[in-house]
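Take a look at the structure below.
From a predicted model like this one, the values you see are computed outputs, not experimental measurements.
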Amino acid sequence: KGAAAEPAAEARAMPRRAEASTSSPVSVVWHKWSDLRLADHEPLVRAHTRPGFVLHVHIVELPLLCGLSRIGRVPRCGGRRAGFWRECVSDLSERLAARSQRLMVCAAEKPADFFARLCTHMRVASVFAHREFCDEELRSEAEVRAVLAAHGAKLETFWGGLTVHHIDDLGFDAGNPNQMPWYKGEFQKAAKRRPVRQPLPLPDPLRPPPPEADAGECGPKAIMEAFGSGPPVPPLDERQCFIWSGGETAAVDYLAWYMETGQLSKYRGATESFAHGEDVNPLNCGTRLSPWLAFGCISARTVVHEAREFERVHGQSSSTGKGSGKMGSTGARLYTELMFRDFLRFSTLSWGTSLFKIGGPFEVKGIQWDYDQEKFAKWCAGETGFPFVDAGMRELVATGYMSHLHRQCCAAFLARDLRLDWRMGAEFFESCLLDHTPDANWGNWAYRILQRPCLAESRADYPVEEHITTVEVVAWPVVHDPRLQHTLRWLPELKKLGSRDLAREPWRLEGRAVRRVAVAPYKDSPLWFCAANRTNWGHEYFWLSGHAWIVHPSQSSSSEDEHEFRLGRDYPRPMVPALNVEIDLDALPLKSHGWGDTEAKSRPHIWGRPGKCTGWPMEEGAQAVSQSAGAGNAREGGHVGNGVWRKRVDKPEAQSSFEHDNADNDEKEEARPIEDSKGAKAQGKSRGEAVTSQQGYNGKGMWRNRRRGPEGEGKGQEQG
């Protein structure tokens, strides 16, 4: 999956020679980057039941830390992710030290090189580690096994808590393509009938480390040296509301807070695209546990057992906000989301190397892929001209995170509209995401985003060049970001437009609707990447007419006035022809929204009563822009409403949160003043009194949320 990094210095990559070696056997616990914890760690438990000393090691694999990807040639690990990785290792080292143990930390090109040298310094009996499941890691595991065998030692691997359901409890061979279900629904139906094992407790006390373990390879200095050749960690972005601190300590404390304060009752599910709402939807109401799950700071089965215990004591809540329905309780929904994580992890065993090939595990053919680096760079930077995509990409680069639904939109746009090799996108996500794991990241791209063979064939008969095909990019913001708070947080330049309608569809400034097309999905439709849209259209998308208008540029602004918004200067023009999707505002499944804030004649594709959140703290000259834009749209008809302009203060948007369980919790924030057209601060709170409930822990390695200060500036302070 990646190219090798530059060789590290011998002194940093290998343990130093000890003065003398012990005759006692040494059991080694190999903590990989994906299992940086002590609790529910089967290799650790097994090692500490053996006689003799126990050595805990973590190898910073340099190709993963500072290598380049194979297709897109992007860094395999970005600075934000590298910083989180280092925090996780530091926390593990401290937790071991508190139990009279040590964590040896060294950098190496290959784990096999490290263990070859280690075996010459001490009598290694066995190395205990979690099993691998992806191609690159399996090859590395085989190399370590061979090296250890040459020195009379063994590599003992265990599945342990890698998944909610233990691999031995599935009732079928996950590595056999003839037994492993190909689709998640079939897998979940089979797996839900199987038991979930209890998490393993930490042995107490732990066996001591070998005396010849050099203290120079342990502790903060060794960790800093091991990560020394990695990318620099960028400063925190002031717009980031939730800040993850790496490590098991932070993960355990956060999970306890999440359950004790009843946050589970608000959970909606990272992949539940039909959970609409202003506050409670998949963009902002998940668990935020995914980075800790990815680095193994906490196990998925621990999360499931905690959720079940919470519901046993406190009762159940609806996972959709619409009643219990087929999704059941919030705890059941969380279990279902983690089951999809299980499905992808088990699937890698049967998919093998096909997961990383252009055709993916379904062997898709007939697609002409592009490798245009300029297009790729614009997508990476969030400069596609589609606000929902750009907001997600800019959030990803700045924070190492974005919600699962957002990732799907951004990924589908790259693969289906830009038609860039999907693996380039997977590599960039790998570089940025705090919660990257190869099975979840690459698995989502290959399983959800890469078209299935039937869809690839249907595209040949559809003029996909005429307009964007990922219709979710323009439709989902309507119900998942109904006040456009998230989009404007990451695209502040669109605030100058003074209109939520235009900020969602900025191409209306220069475009005209030229032709009405049907966009309602059908079987094997090349439109709408989300398969659920095809089967649930009539039930969930009643607020869409099923039609949209292709938009072509009609004029370009020549104004050089820096105070006047100019498409192409202040914000990019769309990289592919846009669509104006027809929306019935009266049918929206929302209590409050901000749509319909432009004049009715300028938006014939949007009809019905404007939302309760209409109005905008206008920038100079923005009102004239918003009321005249899009006047060339062709459709007549629909209900006419009056665009009402009034100043108001929006409650700052809650930070959005894939993979595993990946969306966010809704956190209410203090209302903040914002500038009106004359620069005066308009004070107030939206939807009544805004409740401040930002939570945090005060202490080293703890998670924390960012409180917005009185001027909207991120203070980054820790709160107890």
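- Of the listed residues (R341, R407, R80), just one forms a salt bridge (Lys or Arg N to Asp or Glu O under 4.0 Å) with D435, and that residue is R407.
- R423 is linked by a side chain to side chain donor-acceptor pair (under 3.5 Å) to D421, counting only residues two or more places apart in sequence or in another chain.
- Here R131 pairs with T157, W159, I167 under the side-chain contact (heavy atoms from CB on, under 4.5 Å) rule; sequence neighbours left out.
- Applying the side chain to side chain donor-acceptor pair (under 3.5 Å) rule to D35 yields the partners H41, H130; only residues at least two apart in sequence or on another chain are considered.
- Each of F343, F340, W182 was checked for a ring pair (Phe, Tyr, Trp, His ring centres under 6.0 Å) with F187, and the lone residue meeting it is F343.
- By the 4.0 Å N-to-carboxylate-O rule, R76 lies close enough to E430 to be salt-bridged with it.
- Taking the ring axis of Y254 as reference, the NZ or CZ atom of R288 does not stay both within 45° of it and closer than 6.0 Å to the ring centre.
- With 3.5 Å as the limit, one finds a donor-acceptor pair spanning the side chains of K192 and T336.
- Residues W442 and H436 have side chains that never bring a donor and an acceptor to within less than 3.5 angstrom of each other.
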- [ ] Run the numbers on D113 and R117 for salt bridge (Lys or Arg N to Asp or Glu O under 4.0 Å), then give the verdict.
- [x] CA-CA 6 Å; D113 297 338; R117 186 65 175 265; over 6 Å; no
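- Ion pairing of E309 with R312 is present here, as a side-chain N (NZ or NE/NH1/NH2) and a carboxylate O approach within less than 4.0 Å.
- In this structure, T330 contributes its side chain and L264 its backbone to a donor-acceptor pair below 3.5 Å.
- For S93 and S90, the side-chain atoms include no donor-acceptor pair closer than 3.5 Å.
- Looking at E132, its side chain never comes within 3.5 Å of a backbone N or O of C134 through a donor-acceptor pair.
- Residue W30 is tested with F115, F128, F114 for a ring pair (Phe, Tyr, Trp, His ring centres under 6.0 Å); the sole match is F115.
- For the residue pair T249 / D91, a side-chain donor-acceptor distance below 3.5 Å is found, with atom types taken as modelled.
- The pair R95-E248 meets the salt-bridge criterion, with a side-chain N (NZ, NE, NH1 or NH2) lying under 4.0 Å from an Asp/Glu carboxylate O.
- Not counting sequence neighbours, the partners of H56 by the side chain to side chain donor-acceptor pair (under 3.5 Å) test are H31, H48.
- Not counting sequence neighbours, R81 has no partner by the side chain to side chain donor-acceptor pair (under 3.5 Å) test.
- Distance alone, capped at 3.5 Å, places no donor-acceptor pair between the Q101 side chain and the L96 backbone.
- Counting only residues at least two apart or on different chains, the salt bridge (charged side-chain N to carboxylate O under 4.0 Å, His left out) pairs with a member in residues 36-57 are D40-R301, E42-R46, R50-E156.
- To the nearest 0.5 Å, the span separating CD1 on I223 from CH2 on W85 amounts to 12.5 Å.
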Task: salt bridge (Lys or Arg N to Asp or Glu O under 4.0 Å) between D439 and R345, worked out - done: CA-CA 5 Å; D439 54 307; R345 184 153 291 188; 2.8 Å; yes
